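Read the structure below first, then the notes.
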Amino acid sequence: MDEKTLIAKRVALELMDGDLCNLGIGLPTLVARYVPAGRNVFFQSENGIVGMSGPVAGADNPDLTDAGGSPISALPGAASFDSVLSFGLIRGGHLDVTVLGGLQVDEEGHLANWMVPGKMVPGMGGAMDLVTGARRVIVAMQHSAKGESKIVKRCTLPLTSVRRVDLIVTDLAVIEPTDAGLVLKETAPGVTVEQVLANTGCELILSPDLRPMPLEG
Amino acid sequence: MDEKTLIAKRVALELMDGDLCNLGIGLPTLVARYVPAGRNVFFQSENGIVGMSGPVAGADNPDLTDAGGSPISALPGAASFDSVLSFGLIRGGHLDVTVLGGLQVDEEGHLANWMVPGKMVPGMGGAMDLVTGARRVIVAMQHSAKGESKIVKRCTLPLTSVRRVDLIVTDLAVIEPTDAGLVLKETAPGVTVEQVLANTGCELILSPDLRPMPLEG
Amino acid sequence: MSKLISLEDAVARIPDGASLLIGGFMAVGGPNRLVDELIRQRKSNLTIIANDTARPNFGLGKLVVEKLVAKVVTSHIGLNPETQKQMIAGDIQVELVPQGTLAERIRSGGVGLGGVLTPTGVGTSVEEGKRTVEIDGKTYLLELPIKADFALIAAKQADLYGNLTYALTARNFNPIMALAGATVIAEAEDIVPVGCIPPDAVMTPSVLVDHIVANTKR
Amino acid sequence: MSKLISLEDAVARIPDGASLLIGGFMAVGGPNRLVDELIRQRKSNLTIIANDTARPNFGLGKLVVEKLVAKVVTSHIGLNPETQKQMIAGDIQVELVPQGTLAERIRSGGVGLGGVLTPTGVGTSVEEGKRTVEIDGKTYLLELPIKADFALIAAKQADLYGNLTYALTARNFNPIMALAGATVIAEAEDIVPVGCIPPDAVMTPSVLVDHIVANTKR
């Protein structure tokens with residue numbers, strides 16, 4: 001199993017029956033494939049639909065796309081709406097969980113994921129609204145990039161929100177930001193605690209319930 | 001012609017082709033009957049429809065009523081919507097004209113029409129939004145009530161808005177509030193300027209274009 | 001994953017003293033079965049947020065007549081003399097709110113805004129006790145968001161997930177109330193299987209609705 | 001009382017330097033005929049308010065490539081490298097706004113509110129230069145309303161009065177932009193006679209729309 005699949009599978013276990021869930025572009029999109037059997041999860045695309053599903057070959061519709069403009073499909077019971085209602089769901093506390101990629105997460109659980117000054121300024125899109133408004137924010141990302149840990153003492157990149165994220169799932173570990181700091185809760189298959197610590201740019205508190213990362217619900 | 005019909009006919013001449021218009025309950029409702037031929041006016045009912053028309057006997061629908069809960073009908077091209085969009089039209093400057101009843105209008109053109117302290121407190125309903133938000137506010141009312149002029153130096157009843165109304169149409173006169181004060185523009189058929197002045201509780205400026213009130217478009 | 005619940009069970013979840021957003025405009029589009037069941041179960045000391053208090057013998061007007069309401073936040077009580085009578089007698093607390101402001105306050109509660117900045121009410125008695133904010137030389141009242149323990153709403157159609165449609169002027173406050181109730185209970189004229197309401201026809205998406213009242217009696 | 005107008009005439013009304021709200025999300029649901037005609041008529045120095053700048057060769061992304069845009073207010077430029085390139089070169093001014101805030105700012109302009117009070121952006125670079133308001137111990141940014149000289153939108157169906165419907169995710173910013181443009185110009189996939197769109201299916205009421213672009217070429 002590659003690292004992205006591992007992360008997506010682990011994140012999918014966090015989705016509960018009946019949840020309204022928004023997946024960011026890139027890695028988080030994979031999560032939809034691994035929802036545990038028996039859980040009916042409603043996926044929102046912030047451009048204006050609840051009940052989205054993967055594209056159906058030969059049935060692309062130019063009026064039915066995801067937030068990146070790529071074709072999607074919709075399940076029975078889907079509902080479409082405009083951008084203010086879409087973000088009303090996100091900002092009004094109606095979104096149970098959002099899964100987003102990250103550039104950095106720091107010791108306080110702050111996420112930076114929308115720009116690298118001087119290099120890449122895509123814009124925040126809906127990320128600031130999602131992190132500020134969702135009931136639960138899960139960051140799904142590689143633990144390190146180009147040899148540097150993405151989990152740091154203090155974000156050097158511009159923050160997406162000052163709201164503390166709820167869970168960080170990486171290819172090495174599951175980490176929960178708390179009042180006391182970042183708590184290491186799970187290690188990925190074949191990964192030791194020492195490896196996680198060595199690849200993390202700030203202190204981690206070891207959970208008394210530290211366990212191997214489960215990948216099936 | 002009775003006084004109410006006279007007022008309604010005169011007000012109707014103010015409605016222009018294509019206007020979006022909201023009529024208050026009571027006397028203003030009569031205005032819809034006298035829209036000049038050739039002018040297509042869209043009437044809004046603030047409970048959520050544009051394109052309302054009078055009720056059709058035998059075709060009452062419990063889901064299609066005016067703001068008082070009485071049956072109405074709808075013209076081809078009507079549109080229904082929720083209360084935030086209905087008041088979005090009113091407050092966002094999209095409503096061309098509102099016609100409202102009045103308890104008092106004063107020298108500054110301020111309207112009081114929603115309560116008589118200690119006696120009658122129906123609530124403001126949509127009146128404050130209509131007076132504050134409509135592009136043009138026309139007050140349609142009897143000139144006097146119980147022997148007292150309803151056009152006064154300063155409203156003694158609680159104001160509906162501090163926005164100056166645009167026109168006052170009564171059974172005696174048409175009066176326009178301006179920076180300089182209330183300007184008498186028209187007198188009703190058979191009514192003299194002296195009669196208007198004698199029945200008005202504040203000074204009136206005589207318009208240089210003072211004319212008899214027209215009643216046909 | 002059906003959200004069907006009996007009328008009796010739906011109302012049994014509502015405690016005395018609860019705050020209730022109640023849809024409808026002069027009881028048109030109001031959840032009249034739920035209102036009748038509130039009376040039958042004698043739920044009392046209620047705070048009602050609604051456009052109006054209807055008429056004494058129609059829709060939520062009956063709750064006032066039955067003396068089950070401690071407080072009402074509304075824009076109009078003119079057609080229910082009982083509300084005015086109880087208000088003057090001090091038996092019911094009435095907060096009068098301009099209708100457009102009431103709608104925006106409920107919406108702002110439902111979509112997570114801090115409040116509403118509106119010119120409506122500036123310089124009138126509605127301004128009393130409220131903060132004002134100057135923006136570009138113009139004065140706006142800061143009106144606070146409204147949320148409630150429950151939203152009781154009425155739809156034309158509901159599917160089993162809770163997607164709702166409304167008909168004509170019966171839509172009114174229902175869609176915004178579905179955003180602002182901690183628990184949202186909907187009654188519907190027709191209940192249809194999932195997939196029978198096209199996505200573009202849905203006016204309240206299912207994810208906002210907690211319970212659909214079954215069409216069986218009570 | 002038809003609002004039909006030719007594509008050429010519709011765009012001829014737009015002066016150089018105008019501010020334009022443009023519907024669509026990655027150009028899905030965008031007024032792509034109007035955009036192409038803006039280019040053909042070489043309207044320049046435009047201020048564009050839109051969710052994103054699409055892709056270089058798709059929808060309003062083409063306006064950027066053609067160097068007709070002086071300023072853009074948007075939430076995302078990541079898929080149009082040309083916008084980023086011109087921004088870095090100082091040829092285009094870019095104001096980045098969180099997507100939900102952008103939607104609420106446009107809506108607030110369209111419905112006559114003084115601004116939007118939102119927690120989104122508090123403590124981030126989005127807060128810079130903005131007022132904050134404390135409400136019940138929580139901090140909100142005061143985000144100002146957005147209006148524009150024109151709103152250019154795209155519908156699935158339009159009737160001759162200007163009632164509009166949208167399909168699926170092509171709805172997005174179009175309905176709120178119809179509220180916030182001083183002049184609203186809509187193109188539509190289908191134009192139908194008055195009465196063909198049921199009142200409950202209308203998503204933008206006709207009274208908000210000034211011109212419907214005829215389906216004849218140009």
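Here is how names work: the chains are called A, B, and so on, in the same order as the sequence lines, proteins then strands, and each is numbered from 1. Since the model is a prediction, treat every value here as computed from it, not as a measurement.
- The contact between L64(B) and chain C is made by backbone and side chain atoms together, counting heavy-atom distances below 4.5 Å.
- Residues D63(B) and K156(C) approach most closely at OD2-NZ, 3.4 Å, considering heavy atoms.
- Heavy-atom distances place both the backbone and the side chain of F173(C) under 4.5 Å from chain B.
- The environment of CZ in R33(B) is sparse: at most 12 heavy-atom neighbours from other residues, nucleotides or ligands sit within 6.0 Å.
- Of the two parts of S161(B), only the backbone, made up of N, CA, C and O, holds a non-hydrogen atom closer than 4.5 Å to a non-hydrogen atom of chain C.
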(request) Would you sort out whether M128(B) and T101(C) count as a side chain to side chain contact (heavy atoms under 4.5 Å, CB included), showing the intermediate values? (result) CA-CA 9 Å; M128(B) 287 189 172; T101(C) 297; over 6 Å; no
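- For K147(C), the NZ atom is loosely surrounded, since the number of other residues' heavy atoms within 6.0 Å does not exceed 12.
- Here OG1 of T132(B) is found 9.5 Å from CG of L141(C). Values are rounded to the nearest 0.5 Å.
- Using a 4.5 Å cut-off between heavy atoms, I77(C) contacts chain B through both its backbone and its side chain.
- Proximity to chain C involves both the backbone and the side chain of S83(B), based on heavy atoms less than 4.5 angstrom apart.
- Looking only at distances, no side-chain donor or acceptor of T124(C) sits under 3.5 Å from a matching main-chain atom of L159(B).
- Distance CD/Q99(C) to OG/S86(B): 7.5 Å, rounded to 0.5 Å.
- At least one donor-acceptor pair closer than 3.5 Å links the side chain of R171(C) to the backbone N or O of S80(B).
- Neither the backbone nor the side chain of M203(C) comes within less than 4.5 Å of any heavy atom in chain B.
- When every heavy atom of N172(C) is checked against every heavy atom of N47(B), the shortest pair comes out as CB-O, 3.7 Å.
- Around atom CD of Q93(C), no more than 12 heavy atoms belonging to other residues, nucleotides or ligands sit under 6.0 Å away.
- Of the residues considered (P81(C), P98(C), G78(C)), P98(C) shows the highest number of contacts with chain B, using heavy-atom pairs under 4.5 Å.
- Other residues, nucleotides and ligands contribute over 12 non-hydrogen atoms within 6.0 Å of the CG atom of L157(B).
- With sequence neighbours left out, the side chain to side chain donor-acceptor pair (under 3.5 Å) criterion links E203(B) to no other residue.
- At a 4.5 Å heavy-atom cutoff, A79(B) makes no contact with chain C through either its backbone or its side chain.
- Residue V97(C) touches chain B through its backbone alone, counting heavy-atom pairs closer than 4.5 Å.
- Contact count against chain C (heavy-atom pairs under 4.5 Å) is highest for G68(B) among G118(B), G88(B), G68(B), G48(B).
- K138(C) is linked by a salt bridge (Lys or Arg N to Asp or Glu O under 4.0 Å) to nothing, counting only residues two or more places apart in sequence or in another chain.
- Within the 4.5 angstrom heavy-atom criterion, only side-chain atoms of Q84(C), from C-beta onward, approach chain B.
- Scanning both residues, W114(B) and S125(C), for their nearest heavy atoms gives CZ2-OG, 3.3 Å.
- Your options are G125(B), P62(B), G69(B), G123(B), and the one with the most heavy-atom pairs under 4.5 Å with chain C is G125(B).
- Atom CD of E148(B) has 12 or fewer heavy atoms from other residues, nucleotides or ligands within 6.0 Å.
- Ranked by heavy-atom pairs under 4.5 Å with chain C, the list V162(B), V121(B), L130(B) is led by V121(B).
- When the candidates V131(B), T65(B), D66(B) are compared by the number of heavy-atom contacts under 4.5 Å with chain C, T65(B) comes out ahead.
- D82(B) places no side-chain N or O within 3.5 Å of a backbone atom of P175(C) that could act as its donor or acceptor partner.
- Sparse packing is recorded around CG of D136(C), with 12 or fewer heavy atoms of other residues, nucleotides or ligands lying under 6.0 Å away.
- The CG atom of L168(C) sits 11.5 Å away from the CZ atom of F81(B) when rounded to the nearest 0.5 Å.
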(message) Run F87(B) and T120(C) through side chain to side chain contact (heavy atoms under 4.5 Å, CB included) and show every step you take.
(response) CA-CA 11 Å; F87(B) 279 86; T120(C) 298; over 6 Å; no
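- Around NZ of K130(C), the count of heavy atoms belonging to other residues, nucleotides or ligands within 6.0 Å exceeds 12.
- Looking at S45(B), there are no atoms closer than 4.5 Å to chain C (heavy atoms on both sides), in backbone or side chain.
- Your options are G121(C), A54(C), A170(C), and the one with the most heavy-atom pairs under 4.5 Å with chain B is A170(C).
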